[in-house]
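What you see is a predicted model, and the numbers here were worked out from it, not measured in a lab. Any value given below was found using the heavy atoms of this structure, including those in side chains, with hydrogens, waters and symmetry copies removed.
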Amino acid sequence: MPETKKTLVFYEGDDDKVFLQKLRDAGIWPAEWDLAARTKEQFSGKDGLIRQLLPVVNPENGVGGHAVVLIDHDEMSIDERAEWFKKNLSDEISRTASVVQVVDGPTEGRVKSYRIVSGDRAGKVALVVVGHPADEELKNTYKIDRFAIDDWVFRLALNQSVYEAVSDLERVPYAIAKTKYLEVAELFRKNGLEVRKSKTYIQILRALAAIGPSTATIVGRLVKKGAEALGETQFRQLLQPFIDDLDAAARVLAIGINN
C-alpha cells in the first residue's frame with residue numbers, strides 16, 4: 001500500500017470496533033491507521049460519528065488530518081449513503097465554520113473520498129460504505145436486506161472451518177447451527193419480530209451456544225480464529241470486497257499526500 005499520513009478510522013458501534021481491532025491484529029490494514037476512540041454516550045450513531053470526525057478533518061477548527069469512515073449500507077446503495085454522508089458532513093461543518101467547503105476527492109471502485117477545504121489547508125476523508133448486498137445467500141436464504149459490517153462477521157460464522165475453530169461453539173455442531181439460524185429466524189418473524197440484519201443471526205448463534213460474554217466477544221473470536229484457520233489468502237478472499245475497499249481507501253488518501 002502507499003505510505004499514508006497518520007489516519008484515524010471511524011466506525012459505528014462496539015461490535016464494529018472489535019471486528020476492526022482483530023483485522024488490525026491480522027495485519028489487514030496499514031500500520032499508520034489507528035482506531036478512533038469512539039464515545040457512544042456523546043457520539044452515538046451515524047450523526048454522532050460525523051460530529052466526532054470533524055475535529056480530525058476540519059482545517060478551520062480542527063487539525064485538517066486524514067480519516068477513514070466506515071458507515072453501514074443499511075437500506076441504502078453506496079451512492080445514496082455517500083450523498084447522505086457528504087450532506088450531513090457539510091451541514092455539520094456549516095454550523096461552526098461557514099468558510100469550509102466539502103468537495104469531492106478521488107474515487108476508486110466503491111470508495112469515495114472528500115476534501116474538507118479552507119484556503120490552502122485541507123483535511124481528507126475516505127468513505128467506505130460497509131455491507132455485502134451482493135451476497136445472494138445472505139439476501140435469499142437469510143432474508144437480509146439491511147446491510148452492515150456484521151455481514152462479514154456472519155459470513156465468517158457460515159464458514160465451517162472458521163466455525164469449528166471457535167471453541168465456544170463446540171456444543172452446537174456446525175450443521176445444527178445452520179439449521180437453527182433459519183428455524184429461529186422464522187419463529188421470530190411469525191411473532192412479528194424483524195430479522196433483517198446479520199447482527200440478529202450472530203445474536204441467535206450466541207444464544208444457541210449459551211455464550212456468556214457480549215456479542216462483541218464472539219465477533220472478536222470469529223475474526224481471530226478465522227484469520228488463523230483460513231490463512232491470509234483465504235481470509236482476505238472471504239472478506240471481499242471489504243478488504244479491497246480498505247486498500248482503496250489507503251490509496252485515495254495517499255494521493256497528494258502533502259495536501
- Message: Can a donor-acceptor pair be found, under 3.5 Å and without considering hydrogens, that links the side chain of N58 to the backbone of L54?
- Response: no
- Query: Within the distance-only criterion (no hydrogens, no angle test), does the side chain of K124 pair as donor or acceptor with the backbone N or O of I255 below 3.5 angstrom?
  - Reply: yes
- Tell me, do I78 and H73 make a side-chain contact under 4.5 Å, heavy atoms counted? yes
- Task: Considering only NZ, NE, NH1 and NH2 on the basic side and carboxylate oxygens on the acidic side, decide whether D74 and R81 come within less than 4.0 Å.
- Result: yes
- Kindly indicate whether a cation-pi arrangement holds for R155 with W152, taking the cut-offs as under 6.0 Å to the six-membered ring centre and within 45° of the axis. no
- Item | Y201 side chain to Y142 backbone, donor-acceptor under 3.5 Å | yes
- Item | Atom of V128, atom of A249 and distance for their closest heavy-atom approach | CG2-CB, 4.1 Å
- Does the distance from a Lys or Arg side-chain N to an Asp or Glu carboxylate O, for R24 and D34, drop under 4.0 Å? no
- Query: Okay, side chain of E12, backbone of D72: is any donor-acceptor separation there less than 3.5 Å?
  - Reply: yes
- Y114 side chain to P106 backbone, donor-acceptor under 3.5 Å: no
- Message: Run the side chain to side chain contact (heavy atoms under 4.5 Å, CB included) test on F154 and L205 for me, step by step, so that the C-alpha distance in whole Å, both residues' side-chain angles and the decisive distance to 0.1 Å come before the verdict.
- Response: CA-CA 10 Å; F154 189 37; L205 175 59; over 6 Å; no
- Pairwise side-chain contact, V102 with F85, heavy-atom cut-off 4.5 Å (strictly under): no
- Message: side chain to side chain contact (heavy atoms under 4.5 Å, CB included), that's the test. Do Q237 and Q234 meet it? Break it down for me.
- Response: CA-CA 5 Å; Q237 288 174 346; Q234 283 188 298; 4.3 Å; yes
- Task: Report yes or no: does E83 contribute a side-chain atom to a donor-acceptor pair with the main-chain N or O of K87 at less than 3.5 Å?
- Result: no
